[in-house]
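Note that ligands are numbered from 1 as they come in the structure, with each ligand's atoms numbered from 1 the same way. The basis for the numbers below is simple: all heavy atoms, side chains too, and nothing from hydrogens, waters or symmetry mates. Fair warning: this is a prediction, and the values are worked out from it, not measured in the lab.
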Amino acid sequence: MKILLTGGLGYIGSHTCICLKEAGHDTVVIDNLCNSKISVKDNIEKITGSEIAFYEGDIRDRGFLRDVFQREQRKQKIDAVIHFAGHKAVADSVEEPIDYFENNIAGTIDLLAVMEEENIRNLIFSSSATVYDPKSPVPYKENDPKSPVNPYGETKYIIERMLCSLAASKPSWNIVILRYFNPAGAHKSGLIGEDPGGIPNNLFPYILKAAKGELPALSVFGNDYPTPDGTGVRDYIHVSDLAEGHMAALKTMLTGRGEENPTVYNLGTGRGYSVLEIIEAFEKTNNVKVPYMIAARRAGDIAWSFASTEKAKKELHWETTRGIYDMCRDIWRFGQEDLV
Ligand code: NAD
Ligand code: UD1
């Protein structure tokens with residue numbers, strides 16, 4: 001198959017691109033490099049031993065998109081699009097909500113419009129567990145109430161709603177929505193991973209930098225939550241498992257889907273780890289110290305989040321195979337790469 005990935009040089013897109021290439025599919029990648037580097041392309045090619053078709057540009061530029069689709073379709077039909085491109089930092093979205101509406105929502109509308117023009121109607125969309133109502137009990141099931149609490153989450157939910165309306169009006173669209181839980185880890189080669197730059201907001205990238213001595217001690221945001229050790233519990237999923245989840249979703253979408261359209265799947269492990277458990281796992285796996293201190297709760301955080309994985313298991317025949325130690329080991333290995 002030939003699959004086009006928007007945002008394909010980003011953290012999750014690059015791992016999915018590797019999986020697709022390794023399974024023998026053709027890939028076309030579009031990225032404006034606003035949150036990734038061109039060296040990721042070279043590393044994907046190094047890992048897979050084959051070239052990828054890459055177009056640098058913005059999905060909000062319809063002329064550019066049209067040109068890429070037409071040029072690629074002349075060679076071979078594009079079977080599906082996986083839409084990763086977007087902004088994803090919750091705190092930034094509170095600072096600059098219009099930027100998030102523009103890039104995530106307007107960008108998706110531009111992509112949908114050009115796909116419709118070009119008769120490509122198979123789409124996988126990257127959504128997030130952040131759309132769930134934090135008051136719902138865990139594990140979150142796909143049909144649980146939604147109530148995003150920040151502009152980033154709003155953009156994901158609005159796009160989900162748009163995709164529902166689109167599929168209802170035009171059933172020739174074939175859409176899968178994937179709600180990721182907390183992606184972590186890196187490619188086993190150590191060449192590809194998450195490089196947020198600056199001071200990371202997310203737990204794993206911060207732990208990596210604190211363990212390397214590049215940042216001061218990790219602040220553990222609250223130890224008075226109603227969890228076993230008082231720290232927040234999350235469903236961390238290895239990014240390579242997540243990438244394989246896309247392969248499974250693609251297969252189900254293009255071969256044997258049911259009535260539901262869009263079909264929504266949680267991609268998580270179904271198990272949560274606390275912040276202190278993650279620190280301990282990281283220290284043990286890599287034989288390093290993670291300096292930390294207990295700090296106040298972070299605004300907007302919740303005690304628990306983890307996925308119900310039943311639907312993905314049953315319908316996608318997919319489940320995670322990597323654990324927390326794999327995530328700790330792989331992110332550390334990736335973290336050593338930029339020392340050389
Ligand atoms: P990322 O920032 O690493 O990757 C996104 C890529 O899209 C980047 O390479 C960026 O340069 C590109 N991009 C952004 N806007 C673009 C535009 N207008 N035109 C072209 N390219 C553009 O993020 P990621 O972690 O790989 O996330 C991928 C998707 O998954 C995002 O939509 C994100 O919201 C969603 N998601 C991520 C997480 C997470 O924790 N990483 C969790 C849930 C959902
Ligand atoms: C956050 C986003 C979510 C996004 C996800 C990506 C919020 C409210 N939610 O989720 O939309 O999809 O990232 O992975 O921002 N922690 C610390 N110290 C730190 C950093 C984090 O103690 O320096 C704790 C947090 O309180 C939380 C856990 O670690 O309990 C995970 O935090 P983080 O990696 O930021 O992810 P989420 O908050 O779950």
Side-chain angles (χ1 to χ4, degrees), residues 5-16 29-38 40-41 55-61 64-65 82-94 99-100 102-104 106-108 110-111 125-132 134 148-150 152-153 155-156 159 178-184 193-196 199-207 209-210 215 217-223 225 227 231-237 239 242-243 246 267-268 272-276 278-279 292-306:
L5 296 79
T6 72
L9 294 193
Y11 177 44
I12 304 169
S14 57
H15 287 81
T16 306
V29 168
I30 289 177
D31 204 301
N32 68 358
L33 303 179
C34 71
N35 198 34
S36 52
K37 294 184 185 140
I38 191 68
V40 175
K41 173 183 178 285
Y55 295 89
E56 181 177 344
D58 199 297
I59 57 164
R60 290 164 294 180
D61 178 347
F64 161 76
L65 276 187
I82 312 184
H83 178 31
F84 297 101
H87 292 329
K88 62 163 182 178
V90 171
D92 290 352
S93 80
V94 177
D99 194 28
Y100 272 66
E102 236 284 294
N103 200 32
N104 294 7
T108 301
D110 290 321
L111 176 68
F125 172 62
S126 297
S127 190
S128 167
T130 199
V131 299
Y132 289 112
V149 294
N150 53 60
Y152 165 67
T155 67
K156 291 292 170 188
I159 296 166
L178 300 177
R179 293 195 189 122
Y180 312 149
F181 279 68
N182 289 55
E194 188 176 24
D195 181 8
I199 301 179
N201 293 310
N202 294 126
L203 182 64
F204 267 99
Y206 197 103
I207 287 185
K209 292 203 172 185
L215 284 177
L218 169 79
S219 293
V220 174
F221 296 139
N223 66 348
Y225 285 106
T227 60
T231 65
V233 171
R234 296 290 183 276
D235 186 340
Y236 298 95
I237 172 171
V239 64
L242 195 56
H246 291 74
L267 296 186
Y273 285 90
S274 75
V275 179
L276 294 181
I278 297 296
I279 294 172
Y292 73 90
M293 59 186 202
I294 304 296
R297 288 183 180 193
R298 179 172 66 177
D301 270 357
I302 52 176
W304 295 89
S305 165
F306 61 91

_Quick one: does any side-chain atom of Y11 pair with a main-chain N or O of A184 as donor and acceptor, under 3.5 Å?_
yes
*Of all the heavy-atom pairs spanning G57 and I30, show the shortest one and how long it is.*
O-CG2, 3.9 Å
*Find all atoms of ligand 1 within a distance of less than 4.0 Å from any non-hydrogen atom belonging to S126, and give their numbers and elements.*
29 (C), 30 (O), 32 (O), 35 (C)
*For H87 and S93, does a side-chain donor sit closer than 3.5 Å to a side-chain acceptor?*
no
*Strictly under 4.0 Å, does any heavy atom of S219 approach an atom of ligand 2?*
yes
_For L203, which part has a heavy atom under 4.0 Å from ligand 2: side chain, backbone, both, or neither?_
both
_Please list the nearest protein heavy atom to atom 9 (N) of ligand 2 with its residue and the distance rounded to 0.1 Å._
V90 CG2, 3.7 Å
_If we set the cut-off at 4.0 Å for heavy atoms, which region of S127 has an atom near ligand 1: side chain, backbone, both, or neither?_
backbone
_Shortest reach to atom 37 (C) of ligand 1 by a heavy atom, considering only I12, T6, N35_ = I12
*With atom 5 (C) of ligand 1 as the reference point, say which of G86, P183, G13 has the nearest heavy atom.*
G86
*Who's the nearest protein heavy-atom neighbour of atom 22 (O) of ligand 2, and how far?*
F221 N, 2.9 Å
_Tell me the protein heavy atom at minimum distance from atom 10 (O) of ligand 2, and give that distance in Å._
N182 ND2, 4.0 Å
*Go through ligand 1 atom by atom and flag the ones less than 4.0 Å from a non-hydrogen atom of Y152.*
33 (C), 34 (O), 35 (C), 36 (N), 43 (C), 44 (C)
*asked:* Salt bridge or not between D195 and K37? Use side-chain N to carboxylate O under 4.0 Å.
replied: yes
*Looking at ligand 1, does any of its N/O atoms fall within less than 3.5 Å of an N/O of K88?*
yes
*Which is closest to atom 12 (C) of ligand 1 in terms of heavy atoms, D31, L9, L267, T108?*
D31
_Does ligand 1 come near enough to C34 that some N or O of the ligand is less than 3.5 Å from an N or O of the residue?_
yes
*Should the proximity of R60 to ligand 1, defined as any heavy atom under 4.0 Å, be assigned to the side chain, the backbone, both, or neither?*
side chain
_ligand 1 contact by K156, heavy-atom criterion under 4.0 angstrom_ = yes
_Non-hydrogen protein atom less than 4.0 angstrom from atom 4 (C) of ligand 2_ = no
*Which of these, F204, F84, F64, Y55, has its nearest heavy atom closest to atom 28 (C) of ligand 1?*
F84
*Could you check which of T16, D110, N103 puts a non-hydrogen atom nearest to atom 18 (N) of ligand 1?*
N103
*asked:* I need the contact type for R298 against ligand 2. Using non-hydrogen atoms and a strict under-4.0 Å cut-off, is it side chain, backbone, both or neither?
replied: side chain
*Starting from atom 20 (C) of ligand 2, which protein heavy atom do you reach first, and at what distance in Å?*
N201 O, 3.4 Å
*Do any nitrogen or oxygen atoms of S128 come within less than 3.5 Å of a nitrogen or oxygen of ligand 1?*
no
*asked:* Give me the nearest non-hydrogen protein atom to atom 33 (P) of ligand 2 as residue plus atom name, then the distance to 0.1 Å.
replied: N202 ND2, 3.5 Å
*Does the N or O separation between A85 and ligand 1 drop below 3.5 Å for any pair?*
no
*Please could you name the atoms of ligand 1 that L33 approaches to less than 4.0 Å, counting only its heavy atoms?*
11 (O)
*asked:* Are any of the N/O atoms on Y152, whether in the backbone or the side chain, positioned under 3.5 angstrom from an N/O atom of ligand 2?
replied: no
*Just need the protein heavy atom nearest to atom 28 (C) of ligand 2, so name the residue and atom and give the distance.*
Y236 OH, 3.4 Å
*Is the backbone of A85 close enough, under 3.5 Å, to the side chain of T6 for a donor and an acceptor to pair up by distance?*
yes
*Which atoms form the tightest heavy-atom contact between L218 and I207, and what is the distance?*
CD2-CG1, 4.1 Å
*Parallel, tilted or perpendicular: ring planes of H246 versus F84, cut at 30 and 60 degrees*: tilted
*Just need the protein heavy atom nearest to atom 39 (O) of ligand 2, so name the residue and atom and give the distance.*
R234 NE, 2.5 Å
*asked:* As a check for students: among N32, V131, I159, V239, identify the option with a heavy atom nearest to atom 21 (N) of ligand 1.
replied: N32
_Residue I199 excluded, over 12 heavy atoms near CD1 under 6.0 Å_ = no
*Winner among S93, S128, P200 once heavy atoms are compared against atom 12 (O) of ligand 2*: S128
_Proximity to ligand 2 by part of L218, non-hydrogen separation under 4.0 Å_ = side chain
*When you measure from the side chain of Y100 to the backbone N and O of D92, does any donor-acceptor pair fall under 3.5 Å?*
no
*atom 24 (C) of ligand 2: nearest protein contact (heavy atom, Å)*: V275 CG2, 3.6 Å
*For the residue pair H83 and F125, does the interplanar ring angle fall in the parallel (under 30°), tilted (30 to 60°) or perpendicular (over 60°) class?*
tilted
_Any G57 heavy atom less than 4.0 Å from ligand 1_ = yes
*Numbering the atoms of ligand 1 from 1, which are under 4.0 Å from a heavy atom of S36?*
8 (C), 9 (O), 11 (O)
*Report yes if some N/O of G7 lies less than 3.5 Å from some N/O of ligand 1; otherwise report no.*
no
*Compute the minimum heavy-atom distance from I30 to ligand 1 and say whether it is under 4.0 Å.*
no
_Check: D58 side chain, R60 main-chain N or O, donor-acceptor pair, under 3.5 Å_ = yes
_With respect to F181, determine whether any N or O atom, backbone or side chain, lies less than 3.5 Å from an N or O atom of ligand 1._
no
